Colleague: 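Starting off with a structure, shown below.
Fair warning: this is a prediction, and the values are worked out from it, not measured in the lab.
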Amino acid sequence: MRAWRVSRLGEPAEVMQLEDVAVPEPGPNQVQVRVRAAAGNFPDVLLCRGEYQVSPELPFTPGVELCGEVTAVGSAVTGLAQGDRVIGPAALPSGAYAEQALMEAAVTFPAPEGLDDTEAASFCIAYQTGWFALHRRAALRPGETVLVHAAAGGVGSAAVQLAKAAGATVVGVVGGPDKAEVARALGADVVVDRHTEDFVAVVKEVTEGRGADVVYDPVGGDTYRRSTKCIAFEGRIVIVGFAGGEIQQAALNHALVKNYSILGLHWGLYNSKDPSAVRRCHEDLSALAAERSVAPLVSERLRLDEVADGLQRLADGTTVGRVALVGAMPT
């Protein structure tokens with residue numbers, strides 16, 4: 001089969017090579033799938049650079065998330081069968097940027113029927129992350145105001161839709177007019193172009209000086225520091241990632257004086273610590289997808305040979321909406 005391989009670390013366009021490799025065989029608790037579609041995610045950029053929490057041995061195939069059709073199951077797998085249409089994380093080093101991949105059965109879920117393959121491939125990680133951040137960590141309540149950074153990106157776009165579905169008012173921060181249009185299409189009530197506007201001032205104006213109840217921050221660095229200037233009394237800042245490249249230091253005296261909470265979220269940890277919560281979350285998200293309250297906004301559908309270029313543009317911050325690989329069996 002054909003698969004993208006990373007044999008040295010660096011920028012995706014420089015280190016990813018499309019090669020012919022053997023089809024991976026599933027372990028006892030894994031399933032083998034034909035890749036119907038695969039999502040572009042920032043963790044894939046970090047994997048190529050060697051900066052992700054998980055560092056597979058070289059060489060490996062990136063692609064952390066997919067929609068696939070089960071072609072074989074491991075000897076200990078129950079509840080999954082050949083022909084099932086499924087979504088979930090890929091089992092590295094046999095990632096999703098290939099014609100076939102492996103998945104761990106425990107975190108393989110039925111693909112929501114209301115989503116096409118590229119939407120389904122982009123659904124699991126971003127929307128699970130958003131759901132756990134907003135509901136499990138921040139305990140979002142209807143009527144609250146949520147400030148979403150990188151609102152047109154992968155996890156940010158999911159957070160916008162999920163916050164709206166929960167009855168919140170959403171202020172989305174983006175970089176540029178094209179991304180602003182995406183954030184509006186996703187349902188953000190107020191959109192801030194950080195290139196021309198100060199989100200701190202906008203949040204204070206929208207909330208009549210009270211501040212945002214919840215801040216969803218996948219960017220970090222100065223974005224986090226400035227968010228502390230517009231956080232409400234008893235507000236919650238959820239740290240989702242550091243796409244801006246800087247891991248900030250939190251001024252805990254400021255959190256004490258202003259009475260807000262700083263919450264971390266590592267969604268992948270729930271897969272080992274509380275897998276039943278992940279499955280319940282998938283059921284809730286699938287119900288939202290069935291009524292089209294949430295759905296990934298896929299702006300680009302790439303052929304397999306276009307993946308490295310697309311992932312590099314994601315790394316450079318020039319993509320708008322979600323980018324997805326269309327596999328050999330698109331719907």
Colleague: According to side chain to side chain donor-acceptor pair (under 3.5 Å), does anything in residues 252-262 pair up with another residue at least two apart or in another chain? List the pairs.
Modeller: His254-Tyr260
Colleague: Taking only residues two or more places apart in sequence, or in another chain, which ones meet Glu246 in a side chain to side chain donor-acceptor pair (under 3.5 Å)?
Modeller: Arg225
Colleague: Under 4.0 Å between a Lys/Arg side-chain N and an Asp/Glu carboxylate O for Arg280 and Glu283?
Modeller: no
Colleague: Verify ring-ring contact (aromatic ring centres under 6.0 Å, His included) between His149 and Phe199, making sure each step is shown before the conclusion.
Modeller: CA-CA 10 Å; His149 292 291; Phe199 72 79; 4.7 Å; yes
Colleague: Filter on ring pair (Phe, Tyr, Trp, His ring centres under 6.0 Å), then keep only pairs touching residues 43-83, sequence neighbours left out; what's left?
Modeller: none
Colleague: Suppose we screen for salt bridge (charged side-chain N to carboxylate O under 4.0 Å, His left out). Which residues come up paired with Arg279, at least two apart in sequence or across chains?
Modeller: none
Colleague: My understanding is that only residues two or more places apart in sequence, or in another chain, count here; which of them pass side chain to side chain donor-acceptor pair (under 3.5 Å) with Thr145?
Modeller: none
Colleague: Which is it for Asp274 and Ser276 under the side-chain hydrogen bond (donor to acceptor under 3.5 Å, both in side chains) test, yes or no, and what are the steps along the way?
Modeller: CA-CA 6 Å; Asp274 194 352; Ser276 63; 3.0 Å; yes
Colleague: Salt bridge (charged side-chain N to carboxylate O under 4.0 Å, His left out) with Arg5: which residues, sequence neighbours excluded?
Modeller: none
Colleague: Does any pair with a residue in residues 197-208 pass side chain to side chain donor-acceptor pair (under 3.5 Å), and if so which ones, sequence neighbours excluded?
Modeller: Asp198-Arg226
Colleague: So, Thr318 side chain and Arg313 main chain: donor-acceptor pair closer than 3.5 Å or not?
Modeller: yes
Colleague: For Asp44, enumerate each residue passing the side chain to side chain donor-acceptor pair (under 3.5 Å) test, keeping only those at least two apart in sequence or located in another chain.
Modeller: Tyr97
Colleague: Do Trp131 side-chain atoms and Val278 backbone N/O form a donor-acceptor pair below 3.5 Å?
Modeller: no
Colleague: Please list, one pair per line, the donor and acceptor atoms closer than 3.5 Å that link side chains of residues 182-189 to other protein atoms, with sequence neighbours excluded.
Modeller:
from: Arg184; atom 1: NH1; to: Glu181; atom 2: OE2; distance (Å): 2.9
from: Asp189; atom 1: OD1; to: Lys164; atom 2: NZ; distance (Å): 3.0
from: Asp189; atom 1: OD2; to: Lys164; atom 2: NZ; distance (Å): 3.0
from: Asp189; atom 1: OD2; to: Val170; atom 2: N; distance (Å): 2.8

Colleague: Give a yes or no on whether the backbone of Leu263 and the side-chain of Arg236 come within a donor-acceptor separation of less than 3.5 Å.
Modeller: no
Colleague: Test of understanding: with side chain to side chain donor-acceptor pair (under 3.5 Å), list the residues that count as partners of Glu113, not counting sequence neighbours.
Modeller: none
Colleague: Using modelled atom types and a 3.5 Å cut-off, is there a donor and acceptor pairing between side-chain atoms of Asp193 and backbone atoms of Gly176?
Modeller: yes
Colleague: For the backbone of Ile125 and the side chain of Thr129, can you confirm whether one donor and one acceptor N or O come within less than 3.5 Å of each other?
Modeller: yes
Colleague: Run the salt-bridge test on Arg322 and Glu119 with the 4.0 Å N-O cut-off and return the result as yes or no.
Modeller: no
Colleague: Give a yes or no on whether the backbone of Arg303 and the side-chain of Glu306 come within a donor-acceptor separation of less than 3.5 Å.
Modeller: yes
Colleague: Keeping to residues at least two apart or across chains, list the side chain to side chain donor-acceptor pair (under 3.5 Å) pairs with something in residues 20-31.
Modeller: Gln30-Glu104
Colleague: Looking at Asp117 and Arg85, is any side-chain nitrogen of the basic one under 4.0 Å from a carboxylate oxygen of the acidic one?
Modeller: yes
Colleague: Less than 4.5 Å apart, side chain to side chain, heavy atoms only: is that true for Thr169 and Glu144?
Modeller: no
Colleague: Could you tell me which residues satisfy salt bridge (charged side-chain N to carboxylate O under 4.0 Å, His left out) with Arg301, sequence neighbours excluded, listed by chain and number?
Modeller: Asp116
Colleague: With a 4.5 Å heavy-atom cut-off, do Val31 and Leu102 have their side chains touching?
Modeller: no
Colleague: How about His282 and Tyr127: are their ring centres within less than 6.0 Å of each other?
Modeller: no
Colleague: If you count every heavy atom of other residues, nucleotides or ligands that lies below 6.0 Å from Gln53 atom CD, does the total exceed 12?
Modeller: yes
Colleague: Does Arg49 pair with Glu11 as a salt bridge, N-O distance under 4.0 Å?
Modeller: yes
